[in-house]
Student: 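The structure that follows is given in the form of structure tokens.
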Amino acid sequence: AAATKMAALGGGGTRWRRAWLPALQLLRRGSKAVTRHWKAMHFQRQKLLALTEFVPPRAAVPPRCLPRPAAHTHQEDGLALVLRRRLEETLRGSRMVAVCQYNSMADEDMATLRHYLRKHHIRVEFVLSEVARPVLAQSKYRNLLPLFVCRNVLLVSPETRAREMLRVLKAVPQVNLLGACIDDTILSRQGVENLARLPPLEVSQGQTVAALSLPSSQTSSLLQRGPAHLVALLDEHIRRLREAAGPTEPPPG
């Protein structure tokens with residue numbers, strides 16, 4: 001009975017051990033099997049793909065020999081066209097065009113500057129670099145383009161008023177003279193100052209005429225000196241002969 005009881009207990013214990021599972025189980029997961037490996041393409045298939053590959057036809061004329069496509073014509077602003085035409089007319093009727101750098105100043109000072117310059121027939125024209133550059137590039141003033149690098153102002157006049165312009169600008173430090181074109185001649189600031197020191201045109205013309213007439217007058221006096229000296233010598237000789245001959249009797253009536 002005891003043996004039977006122990007056998008029953010032992011059998012139950014074995015069944016209990018077989019059904020028990022631990023709370024923490026360590027499981028090892030293996031990597032997946034790789035079913036696809038790289039394999040070189042068959043030689044026959046390579047030849048078939050090479051034969052059936054699309055080859056685009058060559059152009060009859062190389063692309064570099066074809067004419068370039070026409071550029072898109074950009075329609076300009078109407079205001080810009082009006083400003084350019086106005087600037088062209090201003091430059092066409094001016095003998096003196098001075099380019100100045102403009103710094104901010106009060107409106108009253110600008111009105112005073114315009115007033116004093118207008119007395120000498122000089123007008124003040126505010127221009128934008130975007131408007132002035134295309135106009136100057138196609139005119140005789142193209143050498144003035146390097147001066148248009150900031151906010152500029154033009155002083156234009158139908159006459160050469162360099163002396164009066166410098167006298168007025170001397171009292172306005174906000175407007176600095178950069179260069180000018182006077183009588184189709186490009187001048188720097190120093191060149192304009194040298195031109196202002198020259199005498200007026202009438203005085204220069206008189207000096208030129210006097211300088212040109214001086215050699216001709218000297219030549220004429222040199223040519224007349226010989227005959228005049230000869231006449232003087234003959235007169236002196238006749239006078240001495242008369243004195244040596246003495247007084248002569250008057251002819252009978």
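In this text, all values refer to a predicted model and were calculated from it rather than measured experimentally. Count residues from 1 along the sequence. Keep in mind that the numbers below use all heavy atoms, side chains included, and drop hydrogens, waters and symmetry copies.
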Student: So do the side chains of Ser104 and Gln174 get within less than 4.5 Å of each other, counting heavy atoms only?
Tutor: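 A side-chain contact is absent here, since even the closest heavy-atom pair is not under 4.5 Å.
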Student: In chain order, what residues pass the side-chain hydrogen bond (donor to acceptor under 3.5 Å, both in side chains) check against Arg114, with sequence neighbours excluded?
Tutor: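 In terms of side-chain hydrogen bond (donor to acceptor under 3.5 Å, both in side chains), with neighbours along the sequence ignored, Arg114 is linked to no residue.
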Student: Which residues satisfy the side-chain contact (heavy atoms from CB on, under 4.5 Å) test with Pro199, sequence neighbours excluded?
Tutor: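 With neighbours one apart ignored, the set is Val203, Ser204.
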Student: Are Leu91 and Leu187 co-members of a hydrophobic cluster defined by side-chain heavy atoms under 4.5 Å apart?
Tutor: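 Unlinked, Leu187 and Leu91 end up in two clusters.
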Student: The criterion is side-chain hydrogen bond (donor to acceptor under 3.5 Å, both in side chains); which residues satisfy it with Asp183, sequence neighbours excluded?
Tutor: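 Arg95.
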Student: Are the side chains of Thr112 and Val172 in contact, using a 4.5 Å heavy-atom criterion?
Tutor: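 No, their side chains stay 4.5 Å or more apart.
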Student: Measure the CD-CG distance between Gln44 and Leu49 for me, rounded to the nearest 0.5 Å.
Tutor: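 Nearest 0.5 Å value for the CD-CG distance: 11.5 Å.
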Student: Restricting to pairs with a member in residues 137-148, which pass salt bridge (Lys or Arg N to Asp or Glu O under 4.0 Å), not counting sequence neighbours?
Tutor: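 Every pair satisfying salt bridge (Lys or Arg N to Asp or Glu O under 4.0 Å) with a residue in residues 137-148: Lys140-Asp184.
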Student: Enumerate the residue pairs fulfilling salt bridge (Lys or Arg N to Asp or Glu O under 4.0 Å) with a member in residues 209-238, sequence neighbours excluded, ordered by first and then second residue.
Tutor: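 Only Glu236-Arg239, Glu236-Arg240 qualify under salt bridge (Lys or Arg N to Asp or Glu O under 4.0 Å).
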Student: Quick one: list whatever passes side-chain contact (heavy atoms from CB on, under 4.5 Å) with Ile186, sequence neighbours left out.
Tutor: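 With neighbours one apart ignored, the set is Asn143, Leu144, Cys181.
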Student: Give a yes or no on whether Val153 and Val127 share a hydrophobic cluster (residues Ile, Leu, Val, Met, Phe, Trp, Tyr; joining criterion: side-chain heavy atoms under 4.5 Å apart).
Tutor: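 Val153 does not cluster with Val127.
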Student: Closest approach of Pro173 and Ala171, non-hydrogen atoms and distance?
Tutor: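 Taking Pro173 first and Ala171 second, the nearest heavy atoms are CD-O, 3.6 Å.
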Student: Atom CD in Glu88, atom CG in Leu136: separation rounded to 0.5 Å?
Tutor: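 Here the interatomic distance stands at 10.0 Å.
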Student: Val156: which residues meet the side-chain contact (heavy atoms from CB on, under 4.5 Å) condition with it, sequence neighbours left out?
Tutor: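 side-chain contact (heavy atoms from CB on, under 4.5 Å) check on Val156 returns Thr90, Ser94, Val97, Arg123, Glu125, Leu154.
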Student: Apply side chain to side chain contact (heavy atoms under 4.5 Å, CB included) to residues Leu178 and Cys100 and explain how you reach the verdict.
Tutor: CA-CA 5 Å; Leu178 301 178; Cys100 302; 5.8 Å; no
Student: Linking I/L/V/M/F/W/Y whenever any side-chain heavy atoms sit under 4.5 Å apart, do Val168 and Val175 land together?
Tutor: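 Same hydrophobic cluster.
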Student: Working to the nearest 0.5 Å, report the span between CE of Met96 and CG of Leu155.
Tutor: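 Answer rounded to 0.5 Å: 6.5 Å.
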Student: Can Val135 be reached from Leu147 by stepping across I, L, V, M, F, W or Y side chains whose heavy atoms are under 4.5 Å apart?
Tutor: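 Linked within one cluster.
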Student: Strictly below 4.0 Å, N to O, side chains only: are Glu193 and Arg189 in salt-bridge contact?
Tutor: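 Judged by the 4.0 Å cut-off on N to carboxylate O distance, Glu193 and Arg189 do form a salt bridge.
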Student: Looking at CG of Leu234 and CD1 of Ile238, how far apart are the two atoms once the value is rounded to the nearest 0.5 Å?
Tutor: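 Leu234 atom CG to Ile238 atom CD1 measures 6.5 Å (nearest 0.5 Å).
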Student: For Leu128, check side-chain contact (heavy atoms from CB on, under 4.5 Å) against everything at least two apart and list the hits.
Tutor: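 By the side-chain contact (heavy atoms from CB on, under 4.5 Å) rule, Leu128 matches Glu130, Val131.
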Student: Check whether any side-chain heavy atom of Leu177 sits under 4.5 Å from a side-chain heavy atom of Met165, and report yes or no.
Tutor: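 Yes, at least one pair of side-chain atoms sits under 4.5 Å.
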Student: Could you state the interatomic distance from CG (Leu195) to CD1 (Ile182), rounded to the nearest 0.5 Å?
Tutor: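 The CD1 atom of Ile182 is 5.0 Å from CG of Leu195, to the nearest 0.5 Å.
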Student: Between atom CG of Asp109 and atom CG of Leu113, what is the distance when rounded to the nearest 0.5 Å?
Tutor: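 Rounded to the nearest 0.5 Å, the CG-CG separation comes out at 9.0 Å.
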Student: Could you tell me which residues satisfy side-chain hydrogen bond (donor to acceptor under 3.5 Å, both in side chains) with Asn194, sequence neighbours excluded, listed by chain and number?
Tutor: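 For Asn194 the side-chain hydrogen bond (donor to acceptor under 3.5 Å, both in side chains) partners, ignoring immediate neighbours, are Gln190, Arg197.
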Student: If you define the side chain from C-beta out and look only at heavy atoms, does anything of Leu222 sit under 4.5 Å from Thr219?
Tutor: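 Answer no - side chains too far apart.
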Student: Looking at every heavy atom in both Ala98 and Ala180, which two are closest together, and how far apart are they?
Tutor: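 Shortest heavy-atom contact: CA-CB, 3.8 Å.
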Student: Quick one: side-chain hydrogen bond (donor to acceptor under 3.5 Å, both in side chains) pairs with a partner in residues 151-167, sequence neighbours left out?
Tutor: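 Sorted result for residues 151-167: Glu159-Arg161.
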Student: Quick one: side chains of residues 53-65, donor-acceptor pairs under 3.5 Å with protein atoms, not counting sequence neighbours, listed by atom name and distance.
Tutor:
none

Student: Testing the basics here: between Pro134 and Ser129, what is the closest heavy-atom pair and its distance to 0.1 Å?
Tutor: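 Scanning both residues, the minimum pair turns out to be CD-O, 4.4 Å.
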Student: What verdict does the side chain to side chain contact (heavy atoms under 4.5 Å, CB included) test give for His229 and Leu233, after you've listed the backbone C-alpha separation in whole Å, the side-chain angles of each residue and the deciding distance to 0.1 Å?
Tutor: CA-CA 6 Å; His229 185 60; Leu233 291 177; 3.7 Å; yes
Student: If you look only at pairs with a residue in residues 105-148, which of them pass as a ring pair (Phe, Tyr, Trp, His ring centres under 6.0 Å), with sequence neighbours excluded?
Tutor: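 Listed by first then second residue: Tyr102-Phe126.
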